[in-house]
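Single-structure report; data block below.
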Amino acid sequence: MDFTKLSCRLARLCAAFALAASACVAVAEPAARDLSATIDTGLQRGLESVVRSLGLANEAGNKRLALALVDVTDANSPRLAMLNGNEMMYAASLPKVAILFGAFAEVESGRLALDETHIEAMTNMIRYSSNEDASRVLAWVGPERLLEILQSDRFRFYDAAGAGGLWVGKAYTKDGAYRRDPIRHLSHSATAFQVARLYYLLATDALFTPRLNELMKEILSKPGIRHKFVKGLESRPGVRIYRKSGTWKDFHSDSALVEYGHYRYIIVGLTEHPHGGDWLVRLAAPLHDLVVSPPPPAAGR
C-alpha cells in the first residue's frame, strides 16, 4: 500500500467533501427512485441457467447460495433477477458497506465531519476490510444510531416485520454482539436484495446528493483484495468495480456495482459453504456476459 499516493488522494477527497458539505442539505423525504422487487422474467431465466450450468442449482435450492443481479444500464428501468434474494444470511464483513452508508448519512445530516482521518479509516474499512477501522467508523456513527438509520422510513434497509435486510449488531472486534437482528438473531447479516438496492440507489444518485454519492463510490472503488467477483471479472478487461466482500469460516459473500462501457449492473452473492468463495469467482464472468452480451438475432423469414 503506497501511503504517499493514498494521502494525496485523501487530501483531494477531503477538499471535495468540504465543498460538498458546504452545499449539502439533508433530505427529509425518501428518494423518489427505488428498486422494486419485481422480477424481470428474461433476466431471471438467464440467472437460473447460469446457476444450473455451474452445478449450483442444488446449493441454491438448499439456501446455501443467494444471488441478486440487477441490470441498471437504463437507470429508470432496472431489470432484477434473484435466487433466495430475501433470505437473511450471515454476511461477515460485507455489512461494512452499511457502516460506510451510515457514516455518509451522518455527514449529510451534519453530525459527522469529514477529514483525512475519517476518509482514511473508511477507505481501509472497505478496500482492505480492516476490522479495526470498521469498528472505529462504527463508533463515530454510533451502533444504535446506525441501526436507527438502517430501519428508518427514508432508507428501509432493514425491515423487522418483513424480510429483514442489512444489519450490523456487533463491532468487528472480539466483543460480543450488542444487538442481534430480530429475525435470524445474526450479528452481521444481509439479504441479497437489500444490498443490491443500496447499490442501485447509489448508482442512480438517489441515496444522497450526487456529490456525496460520487465520493462514496470512490471509497468503494479500487478493491484491495483480489478474490471472488474481482478475481472472476479479471477475464473481462475494462470493467470498473465498486465492491465490498466478506469471509468468515464457511460464509463467503461479495457485492459489486460494475461499470463496463455504457453498461452498469449490480451483483450480490451470499454463500454458506467451504467452497462458496470459489462459487462467486465462477459466477462473476457468466453473469457479466448475461448483462452485456447482445441478444441473438431474430430468425430470418
Side-chain angles (χ1 to χ4, degrees), residues 1-2 5-6 9-10 13 35 43 47 50 66-75 78-81 91-101 104 119 122-130 133-134 166 190 192-205 207 212-247 252-271 276-293:
M1 181 177 181
D2 190 329
K5 290 182 179 179
L6 178 60
R9 288 200 300 270
L10 293 176
L13 279 172
L35 180 64
L43 193 64
L47 174 64
V50 167
L67 292 168
L69 174 66
V70 192
D71 179 2
V72 291
T73 303
D74 181 350
R79 299 190 302 138
L80 170 69
S93 287
L94 188 153
K96 290 174 184 175
V97 74
I99 300 177
L100 178 67
F101 151 75
F104 270 73
I119 296 294
M122 291 179 196
T123 302
N124 288 336
M125 171 180 72
I126 297 298
R127 292 184 186 172
Y128 308 102
S129 206
S130 165
D133 285 297
L166 269 167
F193 174 73
Q194 285 295 358
V195 177
R197 181 171 163 264
L198 187 154
Y199 279 100
Y200 172 75
L201 294 174
L202 178 63
T204 58
D205 277 337
L207 195 59
L212 289 179
N213 293 332
E214 177 186 345
L215 294 166
M216 185 171 169
K217 282 179 64 180
E218 173 63 26
I219 291 174
L220 286 160
S221 71
K222 307 178 185 69
I225 303 175
R226 177 187 165 269
H227 65 357
K228 301 175 186 174
F229 292 155
V230 172
K231 183 177 180 180
L233 289 172
E234 287 178 348
S235 61
R236 301 298 185 269
V239 299
R240 183 172 176 84
I241 304 172
Y242 310 87
R243 69 89 77 118
K244 184 69 195 83
S245 64
T247 301
H252 303 268
S253 59
D254 209 348
S255 61
L257 166 64
V258 182
E259 297 175 348
Y260 178 77
H262 75 280
Y263 294 100
R264 287 194 304 174
Y265 63 91
I266 296 157
I267 44 176
V268 181
L270 308 173
T271 73
D278 179 62
W279 297 354
L280 299 177
V281 174
R282 294 192 290 128
L283 281 160
L287 292 182
H288 170 90
D289 295 343
L290 188 60
V291 173
V292 309
S293 296

Begin with the C-alpha distance, continue with both residues' side-chain angles, and end with the deciding distance and a verdict on side-chain hydrogen bond (donor to acceptor under 3.5 Å, both in side chains) for Ser253 and Lys244.
CA-CA 9 Å; Ser253 59; Lys244 184 69 195 83; over 6 Å; no
[X] and [Y]: which non-hydrogen atoms are nearest, and at how many Å?
{"X": "Gly246", "Y": "Ala92", "result": "C-CB, 3.8 Å"}
{"X": "Ala134", "Y": "Ile99", "result": "O-CD1, 4.0 Å"}
{"X": "Leu280", "Y": "Gly269", "result": "CD2-CA, 3.9 Å"}
{"X": "Glu218", "Y": "Arg240", "result": "OE1-NH2, 4.3 Å"}
{"X": "Tyr263", "Y": "Val291", "result": "CE2-O, 3.8 Å"}
{"X": "Val195", "Y": "Ser255", "result": "CG1-CB, 3.6 Å"}

Salt bridge (charged side-chain N to carboxylate O under 4.0 Å, His left out) against Arg236, all qualifying residues, sequence neighbours excluded:
Asp289
Return the set of residues passing salt bridge (charged side-chain N to carboxylate O under 4.0 Å, His left out) with Asp205 (not counting sequence neighbours), or none when no residue passes.
none
Straight-line distance of [X] [atom1] to [Y] [atom2], nearest 0.5 Å:
{"X": "Trp279", "Y": "Lys228", "atom1": "CH2", "atom2": "NZ", "answer": "12.5 Å"}
{"X": "Ser293", "Y": "His288", "atom1": "OG", "atom2": "NE2", "answer": "7.0 Å"}
{"X": "Leu215", "Y": "Lys217", "atom1": "CG", "atom2": "NZ", "answer": "11.0 Å"}
{"X": "Leu283", "Y": "Leu233", "atom1": "CG", "atom2": "CG", "answer": "10.5 Å"}
{"X": "Ile267", "Y": "Asp254", "atom1": "CD1", "atom2": "CG", "answer": "7.0 Å"}

Determine whether Leu287 and Phe229 satisfy the following criterion, side chain to side chain contact (heavy atoms under 4.5 Å, CB included), listing intermediate values before the conclusion.
CA-CA 10 Å; Leu287 292 182; Phe229 292 155; 5.6 Å; no
Do [X] and [Y] come close enough that some side-chain heavy atom pair is under 4.5 Å?
{"X": "Ile126", "Y": "Met122", "result": "no"}
{"X": "Phe101", "Y": "Leu202", "result": "no"}
{"X": "Val230", "Y": "Ile225", "result": "no"}
{"X": "His252", "Y": "His227", "result": "no"}
{"X": "Leu35", "Y": "Leu201", "result": "no"}

Any residue meeting side-chain contact (heavy atoms from CB on, under 4.5 Å) with Arg79, in chain and number order, not counting sequence neighbours
Asp40, Leu43, Asp71
Does Arg243 use its side chain to pair, donor to acceptor, with the backbone of Pro223 at less than 3.5 Å?
no
Here's a test for you: under side chain to side chain contact (heavy atoms under 4.5 Å, CB included), which of Leu220, Val258, Ile219 qualifies with Tyr242?
Leu220
With sequence neighbours excluded, tell me which residues meet ring pair (Phe, Tyr, Trp, His ring centres under 6.0 Å) with Phe193.
none
For Lys231, give me all partners under side chain to side chain donor-acceptor pair (under 3.5 Å), at least two apart in sequence or on another chain.
none
Holding to side chain to side chain donor-acceptor pair (under 3.5 Å), I want the full list of residues that pass it with Thr204, two or more places apart in sequence or in another chain.
none
